[in-house]
Undergrad: 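My questions all concern the structure below.
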Number of protein chains: 2
Amino acid sequence: MRIGELAEKAGTTTRALRYYESLGLLPARRTSNGYRTYGDEDLRLLRQIQVLRDFGFELEETRPFVECLRAGHPEGDSCPDSLAVYRRKVEELDALIGQLQGVRAQVGAQLARAERARDALVADAAVPGGPEPRCELGTERGSHGRTA
Amino acid sequence: MRIGELAEKAGTTTRALRYYESLGLLPARRTSNGYRTYGDEDLRLLRQIQVLRDFGFELEETRPFVECLRAGHPEGDSCPDSLAVYRRKVEELDALIGQLQGVRAQVGAQLARAERARDALVADAAVPGGPEPRCELGTERGSHGRTA
DNA sequence: ACTGGCCTTGACGTCGGCGTCAACGTCTAC
DNA sequence: GTAGACGTTGACGCCGACGTCAAGGCCAGT
């Protein structure tokens, strides 16, 4: 299988595959004319990379998994290094989620506050004498009732 | 106030301030010798930028807030454009948090599965005859007890 | 006069993960 | 033999928010 075919099977581009090879992540054998050649095994490695990248792993973080597979283990996460990456990632995710939830709460609060302030101003504008005038200190005569 | 002083007061760098100016986000007046000059008002604008950036806003997203302040409004979020950014950001955050929680669950599940698989293998290794050997089919004589 | 500390503009470097040429080689089909 | 579809390496571009020089101007203190 050549690079174009592998890329198509995996739903990626030849550029990505060449990039992975430049990182030593997915090395390829070569035919006599210099073309890269891949086997089904390489497709497995590539899929492992893609799954983790879809999770948001950096390419370097997928390396232990790929090397684990290349070492002949049944799964990419059958090795201690892979498990360590999993654990680190879970911690990172928990920290990040917590942080984002904090930000979310703060932004939500700011939004609510700003909207209340705006509504107060709008209400003021609707009642030209100010918001809910309590008592009339002006001239005795004139409108004694509130506006509607 | 010159650029170094403003940077120090706000806990940032002159480089960042010049960058903001290049974006038109925080323009500065100039003295006769070409030095940038800032007032307390600029410090307010800068603090507004920093608060939002700490929230993870991109610089461009802080622009409505800064322009709102420069327009004389009491708060950076006293303008409709700012509120729109808030709302968009809340949506983004909710979506992102949800996505990360999904990833977190999947990675956590993979980790748990991989650890179970590993423990099973370790258990197998500890019991050379296989995991919990049901019946001895080997030679009749010899060690009849388990290892320790 | 000279040192040292501030300021100026300009321009390149960083990080990750590729996209997008350019210029060229290889193989198949007609 | 020639077009067209593949392949190759090399190199620059992109995104955002600056960091980090480099080369020089301005100003205060001694």
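Proteins get letters first, then strands, A, B, ... in listed order; numbering begins at 1 in each. In this text, all values refer to a predicted model and were calculated from it rather than measured experimentally.
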Undergrad: Out of dT8(C), dT9(D), dT26(C), which has the shortest distance to the side chain of Arg36(A)?
TA: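 Among the listed nucleotides, the one closest to the side chain of Arg36(A) is dT9(D).
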
Undergrad: Name the nucleic acid region contacted by Arg53(B), choosing base, sugar-phosphate or nothing; use a 4.0 angstrom heavy-atom cut-off, strictly under.
TA: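 Sugar-phosphate contact only.
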
Undergrad: Can you see if the side chain of Thr13(A) gets near the phosphate of dG19(C) - specifically, an N or O under 4.0 Å from OP1 or OP2?
TA: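 Yes, Thr13(A) has a side-chain N/O under 4.0 Å of OP1/OP2 on dG19(C).
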
Undergrad: Once you round it to whole Å, what is the distance between C1' of dT8(C) and CD of Glu21(B)?
TA: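 Spelled out: CD on Glu21(B) to C1' on dT8(C) is 11 Å.
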
Undergrad: Just the rounded figure in Å: distance from P of dT8(C) to CZ of Arg29(B).
TA: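 Arg29(B) atom CZ is separated from dT8(C) atom P by 14 Å.
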
Undergrad: Whole angstroms only, please: what is the CD-P distance between Glu58(A) and dG17(C)?
TA: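 Taking atom P of dG17(C) as the reference, CD of Glu58(A) is at 5 Å.
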
Undergrad: When you match Glu5(B) and Arg15(B) each to their closest nucleotide on DNA chain C, which lands nearer the 5' end?
TA: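 Looking at the nearest nucleotide for each, Glu5(B) comes out on the 5' side.
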
Undergrad: Tell me the interatomic distance from Tyr20(B), atom OH, to dC18(D), atom C1', rounded to whole angstroms.
TA: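 For the pair Tyr20(B) OH and dC18(D) C1', the rounded distance is 8 Å.
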
Undergrad: Given atom CG of Asn33(B) and atom C1' of dG5(C), what is their separation to the nearest angstrom?
TA: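 It is 14 Å, rounded to the nearest whole Å.
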
Undergrad: Output the rounded distance in Å from OH (Tyr35(A)) to C1' (dT28(C)).
TA: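 It is 10 Å, rounded to the nearest whole Å.
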
Undergrad: Could you check whether Gln50(A) and Arg53(A), counting side-chain N and O atoms only, form a donor-acceptor pair closer than 3.5 Å?
TA: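 Looking only at side-chain atoms, Gln50(A) and Arg53(A) do not form any donor-acceptor pair under 3.5 Å.
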
Undergrad: Is the charged tip of Lys89(A) near the ring of Phe57(A): under 6.0 Å from the six-membered ring centre and within 45° of its axis?
TA: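 Yes - Lys89(A) lies over the ring of Phe57(A), closer than 6.0 Å to its centre and within 45° of its axis.
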
Undergrad: Just checking Glu60(A): base, sugar-phosphate only, or nothing, at a heavy-atom cut-off of under 4.0 Å?
TA: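 Contact class for Glu60(A): none.
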
Undergrad: Is the distance between the ring centroids of Phe65(B) and Tyr86(B) under 6.0 Å?
TA: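 Yes, close enough.
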
Undergrad: Contact class for Arg18(B) (heavy atom, under 4.0 Å): base, sugar-phosphate, or nothing?
TA: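 Base contact - Arg18(B) has a heavy atom under 4.0 Å of at least one base atom.
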
Undergrad: Quickly work out the Leu25(B) CG to dC18(D) C1' distance and round it to whole Å.
TA: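 Computing the Leu25(B):CG to dC18(D):C1' distance gives 14 Å.
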
Undergrad: Would Ile3(A) end up clustered with Leu25(A) when hydrophobic side chains under 4.5 Å apart are linked, directly or stepwise?
TA: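 Ile3(A) clusters together with Leu25(A).
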
Undergrad: Going by atom types only, do Thr14(B) and Arg18(B) share a side-chain donor-acceptor pair under 3.5 Å?
TA: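 Looking only at side-chain atoms, Arg18(B) and Thr14(B) do form a donor-acceptor pair, the distance falling under 3.5 Å.
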
Undergrad: Considering only heavy atoms and no angle criterion, is a donor-acceptor pair shorter than 3.5 Å present between the side chain of Tyr19(A) and the base of dG16(C)?
TA: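 Under the 3.5 Å cut-off, the side chain and the base do not form any donor-acceptor pair.
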
Undergrad: Atom CG of Leu17(B) to atom P of dC6(C): distance rounded to whole Å?
TA: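 In whole Å, dC6(C) P and Leu17(B) CG are 15 Å from each other.
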
